[in-house]
Amino acid sequence: MVPFVMGGTVDDATLLRRHGLQVTAQRLAVLRAVSERPHSTADDIDKIVRAEIGAVSRQAVYDALGILTDKRLLRRIQPAGSPARYEDRVGDNHHHLICRTCNRMVDVDCAVGYVPCLTAADDSGYEIDEAEVIYWGRCPECVSSTRLAAGG
Ligand SMILES: [Zn+2]
Ligand SMILES: [Zn+2]
């Protein structure tokens, strides 16, 4: 049983109910796993959840991720050429930096702050509500290890 929280932070069970979702052990474990390890892949989350609650099928974990993303309790980031990652930081328009070498992903606040933060040269009449920005490059560790390898 999750105790009822008066004020302060809303617990995950309350969050699920507010979004019209049934509270299940799988969904709670998935939410917890994503908040502890943001930007994890579905595979990573599956491993964490299984280690925690044991008897849960891979499909159940994937289903939970799907519905939590649909209800916008989680955000799914789909970088080109790599598996989707999940995070629970959903209330803002932040972006991501990804290292091409080690795949490490970190948050970067949106410099503009509102959506869409990039104006399309021609919107073709679309009502645009988001510009998805991913910055690709190399993280400091990978940059310095290449420098070391190059002997400089
Ligand atoms: Zn790296
Ligand atoms: Zn993020």
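Predicted model, so just to flag it, every value in this text is computed and none were measured. Atoms within a ligand are numbered from 1 in the order they appear, just like the ligands themselves.
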Metal site the Zn ion (ligand 1), protein N/O/S atoms found under 2.8 Å: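 My tally for this metal is 4.
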Is the shortest side-chain heavy-atom distance between [X] and [Y] below 4.5 Å?
X     : Y      : result
Val34 : His39  : no
Asn93 : Val112 : no
His94 : Arg75  : yes

Can you tell whether the side chains of [X] and [Y] come within less than 4.0 Å, N to carboxylate O?
X      : Y     : answer
Asp109 : Arg89 : yes
Arg76  : Glu87 : no
Asp46  : Arg50 : yes

Metal check, the Zn ion (ligand 2) vs His96 N/O/S, cut-off below 2.8 Å: yes
Angle, NE2 of His94 through the Zn ion (ligand 2) to OE1 of Glu87 - 10° precision: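 Vertex at the Zn ion (ligand 2): approximately 100°.
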Asp107, N/O/S atom nearest the Zn ion (ligand 2): OD1
Side-chain (Arg27) to main-chain (Gln22) donor-acceptor, under 3.5 angstrom: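 Yes, Arg27 side chain to Gln22 backbone: donor-acceptor pair under 3.5 Å.
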